[in-house]
Novice: 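If you scroll down you'll find the structure; I have some questions about it.
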Amino acid sequence: MKKDAVTIQMDAEKLRAVKRYMERKEADLEQELGDALQKLYEKYVPAAVREYIDEEDEDAPSPTAPPKKQKEKNRTAPAAPPQQDTV
């Protein structure tokens, strides 16, 4: 699935503090934010929509997998142009 970025703003001093104390506990800020965003997704997006998105994700070819060959549709020969009567 294609990834997209989220940008938020936070007071610089508070951000430095959270980074500092997370490092001490060997916690990853991006991982924690990703987990929090996943919880918001699960909380607010209806289950049916999440299921639909998951199905679409499963149907999409992976970037490393070779593309699937499409079956040729039965094609009829093009119709011959109508003949004109000569008098």
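All values below come from the heavy atoms of this structure, side chains included, with hydrogens, waters and symmetry mates left out.
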Novice: Might you point out which heavy atoms bring Met22 and Glu32 nearest each other, and give the distance in Å?
Specialist: CE-CG, 3.3 Å
Novice: Under a 4.5 Å side-chain heavy-atom rule over Ile, Leu, Val, Met, Phe, Trp and Tyr, are Leu40 and Ile8 clustered together?
Specialist: yes
Novice: Tell me whether Glu30 at atom CD has more than 12 heavy atoms from other residues, nucleotides or ligands lying less than 6.0 Å away.
Specialist: no
Novice: With a sphere of 6.0 Å drawn around OH of Tyr41, does it hold more than 12 non-hydrogen atoms of other residues, nucleotides or ligands?
Specialist: yes
Novice: Side-chain contact, heavy-atom cut-off 4.5 Å: Ile53 with Met1?
Specialist: yes
Novice: For the NZ atom of Lys2 and the CG atom of Asp57, what is their distance to the nearest 0.5 Å?
Specialist: 13.5 Å
Novice: Starting from Tyr44, can I reach Val6 by hopping between I/L/V/M/F/W/Y residues whose side chains sit under 4.5 Å apart?
Specialist: yes
Novice: First locate atom CG of Leu15, then atom CD of Glu13, and finally report the distance between them rounded to the nearest 0.5 Å.
Specialist: 11.0 Å
Novice: Is there a path of hydrophobic side-chain contacts, each under 4.5 Å between heavy atoms of I/L/V/M/F/W/Y residues, joining Leu33 to Met10?
Specialist: yes
